Amino acid sequence: MKSIFKPYFKLICLSCLLLLAGCDDKQAGDKAVQQQPAPVVPHQDRFGRYDSIGNLGGKPVSIPGGVVFTWVRYIGDPGDFDSSKQAQKYQRPPITYQLPIEGFDFQYRLTDGAVMSYREQTEEDYLRDNRTLIPEGKPFPWGYTIVYNIVDPHQPLNFNKALADELQATKKVWHFDYFEQPQKIYGLTYFKANNGIDPSTNQPWQDNIAGPDILMSKNAQGEIKTYIQCDFVGEVQQCKHRFYLDNLPLLIRITYNRQYLKLWQQTQKNIAGILDSWVVTDKGALIKKQAGKV
C-alpha cells in the first residue's frame with residue numbers, strides 16, 4: 001500500500017519553490033524600481049511654464065516654454081500625419097537632457113535680435129506688427145525660424161551639394177543656367193537666373209518661381225555655410241535663409257522680408273547667441289540668462 005504522505009510532501013515542496021520564486025521576482029522588481037532614475041523637473045518661467053529640455057547638437061539645452069512657437073520634436077517621434085499602427089504604439093523615452101531633439105521653431109525679430117515669447121511684451125509686438133504692417137504691405141520685422149539637429153555624423157555641414165543640385169535641376173527642368181554676378185550683395189556671392197532674363201520671352205523675369213536669386217557665403221575651407229534664396233519680383237519679396245552653425249552640428253532656417261537681407265550676418269550671430277543661452281550643464285543647471293525669458 002502506497003503512503004499518502006509522499007504526494008503531500010511533493011505538493012509542499014512545490015509550494016515552497018513557487019513562494020521562493022515569487023520572492024525573487026518581487027526583489028527583482030523592487031530593485032528595478034529603485035534603479036529607475038528620478039524624473040527630471042525642468043526649469044519654469046514666471047508663469048509656471050516648464051522649459052522644453054533635451055540634447056541639441058550634442059549639448060544639453062533648456063528652451064523656455066514661452067519661446068517655442070508651435071512644437072518641439074524629438075528624434076524618433078512619429079510625424080504629425082503618421083497614422084500607422086507603429087506610430088500609434090510609439091512611446092517616447094523619458095525626456096532628459098540627453099534625449100536628442102529633432103527640431104523646434106520660434107519667432108526672431110530681425111531689427112533688434114529679440115525672441116518672441118508668449119504672454120510677454122514681445123508677443124504684443126508680434127501681434128501688433130501682424131495687424132498693422134502686413135495689411136499695409138510694410139516689411140514685417142519677424143522671421144520664422146526652425147532649428148534642425150544634425151545627428152547623422154556622415155551628413156556634410158555645408159550647402160555645396162545643394163547649390164550644385166539646384167544649378168543642375170534648373171538646367172534640366174527649366175532649361176536655363178544661373179550666372180554669378182560680378183558684384184556681391186552685402187558680402188554674399190550673387191547668382192541670377194539666366195542673368196535676369198526669362199528665356200521663354202527674352203524679357204526680364206515676371207515671376208521668380210523657377211529661378212529665385214541665390215546668394216551664398218563660403219568659409220576659408222571653401223564650404224558654403226550660408227545659402228539664401230530670395231524673391232526678386234512682387235510687392236512682398238521673401239528670403240529663405242539657411243545656415244550651419246560654426247561650433248555645433250545645427251541647421252537653421254529663417255524666412256523673412258528681403259529688406260532685411262542686409263542683416264544676414266548679424267542675424268546668424270544673434271541666433272547662435274540665442275541658442276547658446278539655452279545650453280545648460282549635464283544636470284540642467286543654467287549657465288547664462290536664457291533668451292526670451294524675463
Side-chain angles (χ1 to χ4, degrees), residues 103 105 107-111 129-148 150 155-245 251-271:
D105 60 348
Q107 293 284 351
Y108 166 82
R109 186 158 58 193
L110 292 112
T111 50
D129 291 342
N130 263 287
R131 291 192 306 267
T132 59
L133 301 180
I134 293 179
E136 296 180 9
K138 295 181 179 179
F140 188 60
W142 298 88
Y144 176 61
T145 308
I146 305 177
V147 180
Y148 298 97
I150 309 299
Q155 179 173 336
L157 302 180
N158 60 64
F159 298 102
N160 293 51
K161 187 176 185 301
L163 177 62
D165 289 348
E166 180 75 24
L167 300 182
Q168 183 178 8
T170 52
K171 187 171 184 177
K172 182 177 180 180
V173 177
W174 300 102
H175 308 294
F176 64 81
D177 290 303
Y178 270 92
F179 292 90
E180 181 177 343
Q181 302 303 295
Q183 298 295 326
K184 290 188 175 184
I185 295 182
Y186 308 122
L188 292 161
T189 301
Y190 179 31
F191 293 85
K192 285 193 72 68
N194 202 44
N195 273 329
I197 301 299
D198 185 343
S200 64
T201 63
N202 207 32
Q203 297 294 323
W205 289 96
Q206 297 301 308
D207 66 64
N208 42 220
I209 297 174
D213 287 347
I214 295 177
L215 306 104
M216 59 89 168
S217 177
K218 294 181 180 180
N219 62 12
Q221 291 72 42
E223 296 177 305
I224 301 174
K225 305 293 282 189
T226 299
Y227 187 80
I228 307 174
Q229 294 176 300
C230 291
D231 299 334
F232 55 85
V233 297
E235 293 183 7
V236 179
Q237 298 176 17
Q238 295 285 97
C239 287
K240 297 176 182 178
H241 177 170
R242 291 179 288 169
F243 64 96
Y244 286 100
L245 292 191
L251 168 62
I252 317 299
R253 175 171 176 163
I254 177 171
T255 304
Y256 51 76
N257 189 289
R258 183 163 180 162
Q259 178 164 322
Y260 299 107
L261 176 63
K262 58 189 176 184
L263 301 175
W264 71 273
Q265 288 177 299
Q266 189 63 44
T267 295
Q268 294 187 176
K269 180 180 178 181
N270 288 347
I271 291 178

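Values below: all heavy atoms of this structure, side chains included; hydrogens, waters and symmetry mates excluded. Note that the structure is predicted; figures quoted are calculated from it, not measured.
- For the pair Pro139 and Leu133, the tightest heavy-atom approach, listed with the atom from each and the gap, is O-CD1, 3.7 Å.
- Rounded to the nearest 0.5 angstrom, Thr189 OG1 and Ile214 CD1 are separated by 12.0 Å.
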Where do Thr255 and Gln238 land on the side chain to side chain contact (heavy atoms under 4.5 Å, CB included) test, with the steps shown first? CA-CA 7 Å; Thr255 304; Gln238 295 285 97; 3.6 Å; yes
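- In this structure the side chain of Gln107 reaches within 4.5 angstrom of the side chain of Tyr144, judged on heavy atoms.
- Without hydrogens or angle criteria, Thr145 side chain to Gly143 main chain gives a donor-acceptor distance under 3.5 Å.
- The minimum heavy-atom distance between Trp205 and Ala193, with the atom names listed, is NE1-O, 3.0 Å.
- Side-chain contact of Asp213 with Tyr190: a donor-acceptor pair under 3.5 Å is present, judged by distance alone.
- Judged purely by atom type and a 3.5 angstrom limit, Asn208 uses its side chain to pair as donor or acceptor with the backbone of Val233.
- When every heavy atom of Thr111 is checked against every heavy atom of Pro141, the shortest pair comes out as CG2-CB, 4.0 Å.
- Going from atom CD of Gln237 over to atom CG of Asn257 covers 8.0 Å, rounded to the nearest 0.5 Å.
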Please assess Asn194 against Asp198 for the test side chain to side chain contact (heavy atoms under 4.5 Å, CB included), listing each intermediate value before the final yes or no. CA-CA 7 Å; Asn194 202 44; Asp198 185 343; over 6 Å; no
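- From Thr170, atom OG1 reaches atom OH of Tyr178 across 6.0 Å, with rounding to the nearest 0.5 Å.
- Rounded to the nearest 0.5 Å, atoms CG (Leu167) and CG (Asp177) are 8.0 Å apart.
- Gly211 and Phe232 get closest at one heavy-atom pair: O-CE2, 3.0 Å.
- In this structure, the side chain of Asn219 engages the main chain of Glu223 through a donor-acceptor pair within 3.5 Å.
- Note that NE2 of His241 and OG1 of Thr267 are 7.0 Å apart. Values are rounded to the nearest 0.5 Å.
- With sequence neighbours excluded, the residues satisfying ring pair (Phe, Tyr, Trp, His ring centres under 6.0 Å) with Tyr227 are Phe159.
- Counting only distance, with no hydrogens or angles, the side chain of Gln265 and the backbone of Leu263 share no donor-acceptor pair below 3.5 Å.
- Annotation: Gln168, atom CD; neighbour count of heavy atoms from other residues, nucleotides and ligands within 6.0 Å does not exceed 12.
- With sequence neighbours excluded, the residues forming a salt bridge (Lys or Arg N to Asp or Glu O under 4.0 Å) with Lys161 are Asp165, listed by chain and number.
- Between Tyr256 and Leu110, the closest heavy-atom pair is CB-CD1, 3.6 Å.
- With hydrogens and angles ignored, the 3.5 Å screen pairs no side-chain donor or acceptor of Asn158 with any backbone N or O of Ile224.
- Lys262 contributes no side-chain N or O that, together with a main-chain N or O of Ile185, makes up a donor-acceptor pair within less than 3.5 Å.
- A distance of 11.5 Å separates CG of Asn195 from CZ of Phe176, quoted to the nearest 0.5 Å.
- A distance-only check finds no donor-acceptor pair linking the side chain of Trp264 to the backbone of Thr226 [under 3.5 Å].
- Residue Leu245 comes nearest to Lys225 through the heavy atom pair O-NZ, 4.4 Å, listed as atom of the first residue, atom of the second, then distance.
- For the side chain to side chain contact (heavy atoms under 4.5 Å, CB included) with Ile254, the qualifying choice from Ile271, Ile228, Asp105 is Ile271, the only one to do so.
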